[in-house]
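Reading through the structure tokens given below for one structure.
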There are 2 protein chains.
Amino acid sequence: MWNSEGVDAISVRPARIQDVAAAAGVSVSTVSNVLNRPERVNARTAERVRDAVAALDYVPHPGAAGLRTGHSSSIGLVLPDVANSFYSRIARGAADAAYEHGYSLVLCDSGDAPEREQGYFTMLVEQRAVGAVVVPLSADPTRLSRLRERGIPLVLADRAMPAQEGCSVSVDDIAGGRIAVQHLLDRGARDVLVVNGERTIRQCADRYQGARQAVRTRREARLGQVVAEEMTVAYGSEIAHSLDELPDGVFCTNDFLAAGLCRALGERGVKIPEDVQVVGYGDLDIASFVGTTLTTVRQPVEELGRAAVEMLLDEVEARAEHAHEARVFAPGLVLRDSTRASSDAPF
Amino acid sequence: MWNSEGVDAISVRPARIQDVAAAAGVSVSTVSNVLNRPERVNARTAERVRDAVAALDYVPHPGAAGLRTGHSSSIGLVLPDVANSFYSRIARGAADAAYEHGYSLVLCDSGDAPEREQGYFTMLVEQRAVGAVVVPLSADPTRLSRLRERGIPLVLADRAMPAQEGCSVSVDDIAGGRIAVQHLLDRGARDVLVVNGERTIRQCADRYQGARQAVRTRREARLGQVVAEEMTVAYGSEIAHSLDELPDGVFCTNDFLAAGLCRALGERGVKIPEDVQVVGYGDLDIASFVGTTLTTVRQPVEELGRAAVEMLLDEVEARAEHAHEARVFAPGLVLRDSTRASSDAPF
DNA sequence: GGCTGCGCATAAAACGTTTTCCGCACCGCT
DNA sequence: AGCGGTGCGGAAAACGTTTTATGCGCAGCC
């Protein structure tokens with residue numbers, strides 16, 4: 001009645017493989033063969049079939065196919081919070097890779113709730129997901145058992161795992177700490193302070209270890225450390241105010257800390273980078289938005305997501321000859337004003 | 001051989017409904033009934049069945065079920081880029097809602113590529129997705145036809161749509177512009193400048209319209225506008241430098257612009273908020289990280305994602321009595337230093 | 001005592017694929 | 001003529017569910 005013509009489509013039943021077979025004057029098996037193993041069928045017949053497919057706008061039903069073949073074509077991506085930019089960048093890389101390989105990505109945002117993470121694991125088991133990329137809430141390996149015991153392959157992201165247990169991808173935080181401090185030393189700093197987060201956090205401990213390694217290469221260099229309760233702008237600022245004697249180089253293990261520290265130093269009349277050089281970590285948005293833009297350590301996070309999916313698919317598709325691998329990515333340094341002597345206006 | 005005992009699980013075939021039936025000494029239909037319409041079956045039998053389910057750790061195969069019932073339980077989320085915080089917040093809200101209702105969310109990141117967006121539409125059609133939430137690349141409605149003609153219900157996000165075409169969710173940008181400027185006027189500003197983006201962008205046009213509405217309520221107030229080529233920190237800064245005479249209130253239609261503008265004004269020796277009050281838009285991370293934190297307009301973005309999914313599910317589950325709706329959300333004001341007279345240290 | 005109706009459980013037919021045979025026609029060879 | 005290939009195409013059996021149509025026993029009612 002008042003419907004325009006497009007709307008009648010909502011009642012049309014999608015074409016099945018049978019319909020295609022009928023239209024092309026062949027059997028269903030032939031249609032299936034044309035679609036999945038074209039080499040098995042005569043070129044002329046194949047052509048006829050493909051015409052029919054196009055004419056009917058046939059799209060195969062992967063659910064039905066999966067029923068027969070035993071596996072779906074979706075992979076799970078489990079992470080604590082997509083709204084967090086670190087995780088959303090992982091998601092981006094994973095989505096790209098999944099798309100390129102023709103898999104669909106199921107977004108499982110555990111919202112920092114362990115029971116919800118478990119719920120998603122169950123859901124993935126139900127769906128017979130072909131595998132999962134997991135950025136786990138905690139390092140506790142038993143939480144992964146639900147997937148393990150169902151034989152769903154998984155790749156851990158941002159968390160290393162003994163290689164025989166499965167694949168994992170992560171960034172080399174020790175190297176990150178090393179290049180950050182190395183850079184400060186290269187630019188003449190001799191008295192380096194590390195503004196760190198809680199050392200129980202693996203990343204923080206690693207970055208500090210890297211810093212120590214860098215300092216060891218120079219006789220005359222000294223390293224200090226101060227630990228912030230939380231890695232926020234506010235604490236970075238507070239630490240800058242509480243400093244008695246100034247170092248000539250500061251390595252903040254997080255860009256928030258660095259941003260707060262830079263601002264507070266500025267308020268104290270300290271010039272950056274002339275008096276103190278500062279390196280941050282993470283290349284978060286804030287690093288380039290802040291007054292004096294931050295030299296910082298950039299992590300190839302999208303690569304992490306992409307690699308995780310690709311390793312997962314290798315495991316899925318190769319099965320037998322797949323060897324587990326713990327891939328670690330190298331971070332890189334992004335040079336900006338906070339360690340650059342001549343600061344040409346970046347805009 | 002060298003495998004620990006957990007590993008044999010990878011070969012165990014998941015229990016089917018048949019196995020449960022056998023274990024409970026009933027027929028498959030009874031098991032199915034226990035699971036889907038418990039009221040149809042005797043309480044004692046149901047109990048036996050449930051025990052068997054638990055004992056075998058049976059999980060139903062939604063693919064197979066979907067084959068029979070004709071629809072899957074997954075919904076698509078199509079957006080231009082999850083790494084962009086606006087979209088990732090939508091994703092977060094959508095994921096929460098989907099989880100609560102027992103649906104799984106398929107992440108479709110079109111990466112700003114129209115053909116990839118189409119590819120995802122095709123994929124969703126294949127999977128017989130029950131519906132989709134779409135943040136479209138452009139307003140061109142024909143791109144959605146692929147889903148439409150297959151009768152897949154969809155909800156548009158961040159983009160209004162004639163209500164009879166389907167549901168949509170969006171934020172009221174006119175109201176956003178209005179409250180921003182209203183706030184400036186309330187705090188005594190009389191000469192208000194709007195730093196806007198390209199007016200071909202609907203959001204920009206709307207926010208400016210809201211600004212005009214607010215100014216109209218005060219006889220003595222005046223409104224000016226300057227348009228930035230891009231809505232970035234750099235352009236905000238540039239505009240601040242190019243200003244001849246200063247207004248006493250500035251409304252930037254984006255926090256990046258506001259951040260750049262504030263910094264540049266500071267460099268010119270202008271005090272914020274004493275000399276000029278500034279309001280941003282979006283409540284992006286940058287708004288609270290920047291030197292003088294930004295008063296800004298906050299959009300309930302997670303709510304957008306959540307509502308979109310819920311409206312979609314209403315359409316899916318109610319079918320007949322569902323009425324399309326174009327829901328628009330009200331933005332709110334977040335008060336921070338850039339319009340606050342007495343600036344107590346926020347830390 | 002034969003009906004009807006009710007409460008419960010089951011058998012069997014779908015759903016749309018893939019894949020394993022198997023058959024058929026044709027070819028070239030002894 | 002008989003034989004083994006080979007190249008193509010088809011029939012039919014799975015895959016794991018849901019759902020429709022029955023079946024069966026038993027109570028209540030004329």
Side-chain angles (χ1 to χ4, degrees), chain A residues 12-53 56-74 102 123 125-130 150-151, chain B residues 12-50 52-53 56-74 102 123 125-130 150:
Chain A
V12 85
R13 250 214 344 177
R16 303 159 321 192
I17 199 175
Q18 276 205 39
D19 305 329
V20 178
V26 297
S27 77
V28 280
S29 5
T30 303
V31 178
S32 174
N33 279 332
V34 169
L35 265 31
N36 302 314
R37 309 123 91 177
E39 73 282 1
R40 263 180 171 44
V41 36
N42 183 292
R44 283 174 33 76
T45 337
E47 175 103 14
R48 275 213 328 280
V49 170
R50 266 187 278 266
D51 287 351
V53 166
L56 297 176
D57 192 16
Y58 165 72
V59 314
H61 189 314
L67 188 52
R68 182 65 237 260
T69 61
H71 51 256
S72 72
S73 71
S74 66
M123 170 182 267
V125 169
E126 282 179 355
Q127 303 193 339
R128 271 64 171 174
V130 76
R150 290 307 193 130
Chain B
V12 85
R13 250 209 347 172
R16 306 165 323 221
I17 198 175
Q18 275 205 42
D19 306 329
V20 178
V26 297
S27 78
V28 281
S29 1
T30 302
V31 178
S32 174
N33 280 332
V34 169
L35 265 32
N36 302 314
R37 309 122 91 176
E39 73 282 2
R40 263 180 171 43
V41 35
N42 182 291
R44 283 172 35 76
T45 336
E47 176 102 12
R48 276 214 325 282
V49 170
R50 266 188 277 266
V53 166
L56 297 176
D57 194 14
Y58 165 72
V59 314
H61 189 314
L67 188 53
R68 183 63 234 260
T69 61
H71 52 257
S72 72
S73 71
S74 66
M123 172 182 266
V125 169
E126 283 179 354
Q127 304 193 341
R128 271 65 171 172
V130 76
R150 290 309 194 127

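All figures in this text were calculated on a predicted structure; none of them were measured in a lab. In what follows, every heavy atom counts, from backbone to side chain, and hydrogens, waters and symmetry copies are set aside. Proteins come first, then strands; the chains are lettered A, B, ... in the order of their sequence lines, and each starts at number 1.
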d([atom1], [X]; [atom2], [N]) in whole Å:
X: Ile17(A); N: dA12(D); atom1: CD1; atom2: P; answer: 17 Å
X: Asn42(B); N: dG25(D); atom1: CG; atom2: C1'; answer: 14 Å
X: Arg40(B); N: dT18(D); atom1: CZ; atom2: P; answer: 13 Å

- Would you give the length of the straight line joining atom CZ of Arg128(B) to atom OG of Ser74(B), rounded to the nearest 0.5 angstrom? 11.5 Å
- Message: Once rounded to the nearest 0.5 Å, what's the spacing between atom CZ of Arg68(B) and atom OG of Ser32(B)?
- Response: 10.0 Å
- Query: Which atom pair, heavy atoms only, marks the closest approach of Pro60(B) to Pro62(B)?
  - Reply: O-CD, 3.3 Å
- Message: Using a heavy-atom cut-off of 4.0 Å across all strands, would you classify Pro60(B) as base, sugar-phosphate, or nothing?
- Response: sugar-phosphate
- Note on the structure: Of Arg128(B) and Val41(B), the one whose nearest nucleotide on DNA chain C sits closer to the 5' end is Val41(B)
- Query: Between Ser27(B) and Thr30(B), is any side-chain donor less than 3.5 angstrom from a side-chain acceptor?
  - Reply: yes
- Task: Let me see the working for Asn42(A) and Arg48(A) under side-chain contact (heavy atoms from CB on, under 4.5 Å), right down to the final yes or no.
- Result: CA-CA 10 Å; Asn42(A) 183 292; Arg48(A) 275 213 328 280; over 6 Å; no
- Message: With a strict under 4.0 Å distance from non-hydrogen atoms of chain B, what nucleotide opens and what nucleotide closes the contacted stretch of DNA chain C, reading 5' to 3'?
- Response: dC8(C) to dG16(C)
- Message: At 10 degrees resolution, what angle do the end axes of the helix from dG1(C)-dC30(D) to dT30(C)-dA1(D) form when each is taken over five base pairs?
- Response: 70°
- Message: Can you pull out the residues from residues 26-39 of chain A that lie within a 4.0 Å heavy-atom distance of DNA chain D?
- Response: Val26(A), Ser27(A), Ser29(A), Thr30(A)
